[in-house]
Every structure is written in structure tokens, then in C-alpha cells.
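In what follows, chains are A, B, ... by sequence order, proteins preceding strands, each numbered from 1. Computed from a predicted structure; not experimentally measured.
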Amino acid sequence: MTHRVRFAPSPTGFLHVGSARTALFNWLFARSTGGTYVLRVEDTDAERNRPELTESLLAELEWLGLDWDEGPLYQSERRDRHREVVEDLLGRGLAYLCDADNAEVEGSSITDGMAVRFRMPPGRTVEFEDIVRGGVSFSTDDLEDFVIWRSNGSPMFLLANAVDDADMGITHAIRGEDLLSGVPKVLLMLDAIGAPHPTYAHLPLLVNEQRKKLSKRRDDVSIADYRERGYLAEAMVNYLALLGWGPPDDVEVRPLSEIVDVFRIEDVNKAAAFFDLKKLEHINATYLRALPRAEFIERVGPWMGEAAPWPTERFDRGVFETMADLIQEKLRTFSDTPRFVDFLFLDDPVDDPDSWHKAMVKGKFAAEILDGTAAAFADCTWDAEVLKDTVMHVGEAVGLKLGKAQAPLRVAVTGRTVGPPLFETMAECMDRAEVLRRIARARARL
RNA sequence: GCCCCCAUCGUCCAGCGGCCUAGGACGCCGGCCUUUCACGCCGGUAACACGGGUUCGAAUCCCGUUGGGGGUACCA
């Protein structure tokens, strides 16, 4: 039998990194076993459901490259079926009507204003084998009767989820560990409707530094935010795959297409995983550096436009393309890019106080360096090598090595102590007059 | 409170009874390279929570303790 899995997000918020990881593992399982990956939107709670969020949810999944084989299916469209199951349970006495005070009310059919509860059979042990957890068991004596149909006439998550999985032939339920304790209730309902049990695989939770489940209140969990902050989808999914799972050959940074070949759901471990931004950044930088030049220029585009710190009309694509080669390897995210080139598209370099202090105040011989380079740049050949030699000589005159000597010049021209290779940038992207103007400007401020 | 789950370097992952004086990655700390930063290279730091068993032998199996987490809604 071919495996069928589903990712069943609820459109009550933007796609969360934990949900994305669940989607990814379902996708990996399906792709690596030749199974089918279904997308189902669990929108049974109309009051909390926001239609526009569904659109965003799908967009982020697409951005991540997690394409689905069937769907999106909407749980809200299956209400009649859910109702039919509840009526059946009610008719057979396996569930009962209850009023607002949770008191049982006589009746064998859904009634307006009444909720329906599933009757928990006493004294039974519900056991199941979880692919990652192993054997898990619950006693029904620890469980309470639970609502399966709201008094407002809509199905509850557990009921809809169980019925839909059964109807859709879902063979494996791969999801977060926070759903583990709901399993016995679902199993009992499946038994009640004569449906087979799916195989479960509960993934370890993603946690923050306090070791608590990632929450959208406290933590940075929005996939859209990461996208906007310049993370690459391929880096994000690669990193997410490493939380709760590890490649058998220790090769961590590799494309999804390769991960599919080595992924096995049985290898997923049980302990919660900390979402480590530092490691994500490392992986992101690795992917960023590996981008072909043209693709880098194309994909960084959104950060070079409206949102950039310079007047859009001042942006010079040709200049930027020249700079691309000089800065690509220095970036961690796309959003790092503007600060490496902003001085080229602004009238004056940005004023970074720390940089100024370091190079012009704390650093020695700033005046000598600026005066010396200004004089020498006035008529030297405008070539990176020549500029470099010039600065080297000016520095030697006061006993500074090139590393120290270039600092005042760098800050005068770019505004910062950190930036692209200075001589190449000046020679290839700036003209003599502008560089001299900036040196003079800085000299005047000393 | 009750139920369930978890427990190897700071972090992620490896280890699934002997190959472990515990391996890789991120981070961190040194060094090299160097026009800043970054990259790259070299080296270093650092862990089997604790206590009992089982076994010739345990990070690996069992029990307990402690610690952590999740669940316990007419949310999903």
C-alpha cells in the first residue's frame, strides 16, 4: 500500500517554523517513500479562522518548495460528513448531548444549542506504536468525555481530524509531539466508526532558549518574517530538516533533493530541539555564497529597491552588478546587502559613529593618511593596484601597515570600518573627484 | 494536581552492548591568510543528569530519582 500523509495547518496565524518543520517532514516522508502528500486546511473554527491567512499559508509553503500532491482540501467543506458521523455516534449511544453546564441531556440527534460529547469507555487501556516514540499507552480512566460537536453547530478539531484522516485514507500521521496526548481519543473514535488506525510519528518539539515550545508571542517564528529578513528558502528547509533528524553521513548542508534520498522517518529522534538562529545564519550564508552571480543579483533585487536606504533613482544597476562579486561572500542574508553598497548610492557616506571613532579618533595618523592619500590620488592612475600601493606608501611614511592605513580612508569614503574591498570599489565604481571630495569632507571633520 | 513524553559537548546531530581515551556540525577561544569584514586553513574548549540493577562488558538494556517539556478548552 502506498503511503498517504497530510499536513493539516489551521489558518489562525502565519506559517510558523514549527508547522513548516512538520510540513517538511511529511513532505520528506512522502517524497522518500513514493507516497502521497496531501494538504488539508483545518478551518473548522469559523470564529478564529481568517481566510486571508490561508492564502499566506499556501504562499509560504510554496516559497519553501514543499509542493503537495492533493489539495488544498478545506475541512469546513466537509461539515455534512462530520455531522453525519456525530449523528451516528449519538444514535448508537457512544456520544451524548450536553448543555451549557456540561450536563448530559436526553436525546439521540444533534440539537440546536447543544454540544455533543464522546463517551469515554471506562477501564480501558489504549495503546499504540509511535514510529519515533515507541510504545505509548493511556488509560481511559485518565481521560474525560470530550466535545466533538459545538453547540454552535460545528465539529471540533479531534472529530473532524479523525474523520478526515479516515476518509482520505491517511496511513501515517506525522506531526508535533504536542498532539500526542490527543491520540487515544482519536483512536477510540476511529474504533467507533470502524476505521483503521493510522501509524503515528510524533516529532520532537522545536523550543526556544528557555526550552519551551516555540510560541508566536515570544519567539521569532514566522516563516514570512525570515523570508523578508533575507533568508533563502533552500537554507531554511535545509536547517529545518536538521532539527530532530541528522544525515547518516554527517553531510549537513545539502539540497532537499539530496535529503530526500537519505531521509528516514525512523531516524527522527525524540528530544526537543532548540531553534538556533546562529546555525541557520551559517547555513544561509553558505547557500548565499554558492549562488551563481546572476542569480544572486536577481534574488537580492527586493532588498535593493523601495526598502533600501537610498533614493531609488540613485540606484545604479551596473554599479551594483560590479559590486556583487566583491560582496557576495561577505553576506549572511540578503538583507545584509544594502549596508555594503549604500555609500555608492547616497550623496555622502553614512555616518557610523563607532566607525568614525575607531578609525579617526582612536586610530593614529588619520590626518596624515587623509592628507597623504588626497595628494597622491589627485593624479595617480585610477587602478585598484595603484591605489593600494599608494595607500601602502602613505602608511609606511608614518609606520602603519596597510591594514591600519586604509581604515581612515575607508571610513572617509564608505562611512564604515567594515565593507567591500576598498581599492577595487573605488577603482571600479567611483570616480576620482568623488573620492577626493569625500576625503576632504572627512578631513574637515577631524 | 492528574496523564503522557523526553534526558550525549553551550546548541543541533552521531552512537542503537565491546570498534568510545564518545565522533561531526554551529558557536566560542587561539593561530595562519589578509586592504576592513568575511571566506578558507590549522589547532583548542566542551557532554554520556544521578542512583541502583542486568551483563564478562553499558552512553547504549531495565527500575528508580531528579530535571525539563507537552497535554489536560464548546482552540487547533
Side-chain angles (χ1 to χ4, degrees), chain A residues 8-13 19 42-45 47-49 75 98-100 102 113-117 130 132-134 136-139 141-144 146-158 160-161 175-184 202 204-205 207 209-213 239 242-253 267 269-283 285-286 289 327-332 336 340 355 358-359 384 387-388 391-392 395 401-407 409-411 414 416-425:
Chain A
S10 166
T12 51
S19 304
E42 311 231 314
D43 52 354
T44 54
D45 186 349
E47 288 166 28
R48 295 164 49 111
N49 184 19
Q75 201 158 59
C98 79
D99 62 24
N102 292 335
M114 295 280 179
V116 178
R117 275 176 192 273
D130 188 286
V132 344
R133 309 277 137 191
V136 182
S137 82
F138 292 82
S139 163
D141 292 333
D142 294 320
L143 274 16
E144 294 169 346
F146 56 98
V147 174
I148 56 179
W149 190 260
R150 296 189 182 87
S151 55
N152 71 2
S154 63
M156 284 289 284
F157 157 71
L158 244 26
N161 187 266
R175 53 195 200 164
E177 204 218 65
D178 49 344
L179 298 175
L180 186 63
S181 39
V183 173
H202 285 90
L205 255 23
V207 299
E209 42 287 296
Q210 278 83 238
R211 297 253 123 206
K212 303 236 188 262
K213 181 170 74 158
Y239 177 59
L242 265 16
L243 295 175
W245 175 83
D249 55 9
D250 277 344
V251 179
E252 295 188 323
V253 180
D267 293 338
N269 69 11
K270 313 179 219 252
F274 170 64
F275 186 84
D276 187 355
L277 194 60
K278 282 273 177 45
K279 187 147 183 174
L280 204 212
E281 283 181 349
H282 169 262
I283 291 175
T286 303
R289 282 196 298 274
I327 63 170
Q328 193 178 340
E329 67 175 13
K330 302 174 186 297
L331 309 169
R332 294 191 329 275
D336 281 344
F340 276 88
S355 292
K358 189 174 176 190
L387 295 175
K388 174 183 170 184
V391 174
M392 203 179 294
K401 287 186 177 174
L402 187 55
K404 294 283 188 191
Q406 58 90 48
L409 178 62
R410 176 181 293 280
V411 172
T414 72
R416 296 190 181 87
T417 50
V418 174
L422 185 59
F423 310 119
E424 289 77 355
T425 300

> Nearest of B:rA73, B:rC6, B:rC3 to any side-chain atom of A:Met156?
Replying inline: B:rA73
> How about A:Val136 and A:Val183: do any of their side-chain heavy atoms sit closer than 4.5 Å?
Replying inline: no
>> Taking any heavy-atom pair under 4.0 Å as a contact, classify A:Asp130: base, sugar-phosphate, or nothing.
In response: nothing
> What heavy-atom pair brings A:Arg211 and A:Ala272 nearest, and what distance separates the two atoms?
Replying inline: NH1-O, 3.6 Å
> Residues two or more places apart in sequence or in another chain: which of them pass ring-ring contact (aromatic ring centres under 6.0 Å, His included) with A:Phe146?
Replying inline: A:Phe118
>> Among B:rA76, B:rC74, B:rG24, which nucleotide has an atom closest to any side-chain atom of A:Glu252?
In response: B:rG24
> Roughly how many Å is it from CG in A:Asp250 to C1' in B:rC12, rounded to a whole number?
Replying inline: 12 Å
> Which letter, B, S or -, goes with each nucleotide of nucleotides 28-33 of chain B from 5' to 3', with contact meaning a protein heavy atom under 4.0 Å?
Replying inline: ------
>> Using modelled atom types and a 3.5 Å cut-off, is there a donor and acceptor pairing between side-chain atoms of A:Arg150 and backbone atoms of A:Pro155?
In response: yes
> Which of the following nucleotides, B:rG10, B:rA76, B:rG24, is nearest to the side chain of A:Phe157?
Replying inline: B:rA76
> Taking only N and O in the side chain of A:Asn269, is any of them less than 4.0 Å away from OP1 or OP2 of B:rC13?
Replying inline: yes
> Tell me, for nucleotides 35-40 of chain B in 5' to 3' order, what letter each nucleotide earns: B for a base near a protein heavy atom under 4.0 Å, S for only sugar-phosphate near one, - for neither?
Replying inline: BBBBSS
> Within the structure shown, what part of the strands sits under 4.0 Å from A:Arg117 by heavy-atom distance: base, sugar-phosphate, or nothing?
Replying inline: sugar-phosphate
> Is there a Watson-Crick or G-U wobble partner for B:rU72 with both distances under 3.5 Å, and which nucleotide is it?
Replying inline: B:rG1
>> Are A:Pro421 and A:Lys330 packed together at the side-chain level, in the sense that at least one heavy-atom pair is separated by less than 4.5 angstrom?
In response: yes
> Starting at the 5' end of RNA chain B, which residue's closest nucleotide do you reach first, A:Asp267 or A:Val132?
Replying inline: A:Val132
> Taking atom P of B:rU8 as reference, at what distance in whole Å does atom NZ of A:Lys270 sit?
Replying inline: 12 Å
> So which heavy atom on A:His282 is nearest to which on A:Thr286, and how close?
Replying inline: O-OG1, 2.8 Å
>> When the C1' atoms of B:rU60 and B:rC48 are compared, how many Å lie between them, rounded to an integer?
In response: 10 Å
>> Say we look at B:rC2 and B:rC12: how far apart would their P atoms be, to the nearest angstrom?
In response: 29 Å
>> For A:Trp149, give me all partners under ring-ring contact (aromatic ring centres under 6.0 Å, His included), at least two apart in sequence or on another chain.
In response: none
>> Just to be sure I understand the rule, does A:Val116 reach a base, reach only the sugar-phosphate, or reach nothing, if contact means heavy atoms closer than 4.0 Å?
In response: nothing
> Rounded to whole angstrom units, what separation is found between the CZ atom of A:Phe275 and the C1' atom of B:rG27?
Replying inline: 16 Å
> Considering only the P atoms, how many Å lie between B:rG10 and B:rC19, rounded to the nearest integer?
Replying inline: 23 Å
> Which nucleotide, in any strand shown, forms a Watson-Crick or G-U wobble pair with B:rA25, with both distances under 3.5 Å?
Replying inline: B:rU11
> Starting at CZ of A:Arg133 and ending at P of B:rC5, how long is that distance when rounded to a whole Å?
Replying inline: 9 Å
> Closest approach of A:Ala405 and A:Gly395, non-hydrogen atoms and distance?
Replying inline: CB-CA, 3.8 Å
> Sub-3.5 Å donor-acceptor pair from the side chain of A:Asp336 to the main-chain atoms of A:Leu331, do we have one?
Replying inline: no
>> Using atom C1' in both nucleotides, what's the gap between B:rA47 and B:rC28 to the nearest angstrom?
In response: 16 Å
>> Distance check, P atoms only: B:rU65 and B:rC26, in whole angstrom units.
In response: 40 Å
>> By the 4.0 Å heavy-atom rule, please label A:Thr414 as base, sugar-phosphate, or nothing.
In response: nothing
> Taking only residues two or more places apart in sequence, or in another chain, which ones meet A:Arg117 in a salt bridge (charged side-chain N to carboxylate O under 4.0 Å, His left out)?
Replying inline: none
>> In whole Å, measure the gap between the C1' atoms of B:rC13 and B:rC74 for me.
In response: 42 Å
> Of A:Ser137 and A:Pro248, whose closest RNA chain B nucleotide lies nearer the 5' terminus?
Replying inline: A:Ser137
> Separation of A:Leu143 atom CG from B:rC4 atom C1', in whole Å?
Replying inline: 10 Å
>> Tell me if a side-chain donor or acceptor on A:Tyr239 pairs with a main-chain N or O of A:Asp276 at a distance below 3.5 Å.
In response: yes
> How about A:Val391 and A:Leu402: do any of their side-chain heavy atoms sit closer than 4.5 Å?
Replying inline: yes
>> Is there a side-chain contact between A:Arg133 and A:Lys270 in this structure, where contact means two heavy atoms from C-beta onward sitting under 4.5 Å apart?
In response: yes
> Between B:rC26 atom P and A:Asp276 atom CG, what is the distance in whole Å?
Replying inline: 11 Å
> Would you say the side-chain atoms of A:Ser355 pair up with the backbone N or O of A:Thr417, donor to acceptor, closer than 3.5 Å?
Replying inline: yes
> What does A:Trp245 touch in the nucleic acid at a heavy-atom separation under 4.0 angstrom: a base, only the sugar-phosphate, or nothing?
Replying inline: sugar-phosphate
> Between the main-chain N or O of A:Arg410 and the side-chain N or O of A:Thr414, is there a donor-acceptor pair closer than 3.5 Å?
Replying inline: yes
>> Partner lookup for B:rC41, please. Criteria are Watson-Crick or G-U wobble with both distances under 3.5 angstrom; report none if nothing qualifies.
In response: B:rG31
>> Without decimals, in angstroms, what is the distance between A:Ile148 CD1 and B:rA76 P?
In response: 13 Å
> With the sugar-phosphate defined as primed atoms, P, OP1 and OP2, and the base as all remaining atoms, what B/S/- string results for nucleotides 64-71 of chain B, 5' to 3', for protein heavy atoms under 4.0 Å?
Replying inline: ----SSSS
>> I'd like the P distance from B:rG15 over to B:rA76, given in whole Å.
In response: 38 Å
> Given the P atoms of B:rC39 and B:rG27, what is the spacing between them in whole Å?
Replying inline: 8 Å
>> Rounded to whole Å, how long is the line connecting atom CG of A:Leu280 with atom C1' of B:rA25?
In response: 14 Å
>> Tell me which nucleotide, if any, is Watson-Crick or G-U wobble paired with B:rG64 when both distances must be under 3.5 Å.
In response: B:rC50
>> Categorize A:Ala100 for me: base, sugar-phosphate, or nothing, with a 4.0 angstrom heavy-atom threshold over every strand shown.
In response: base
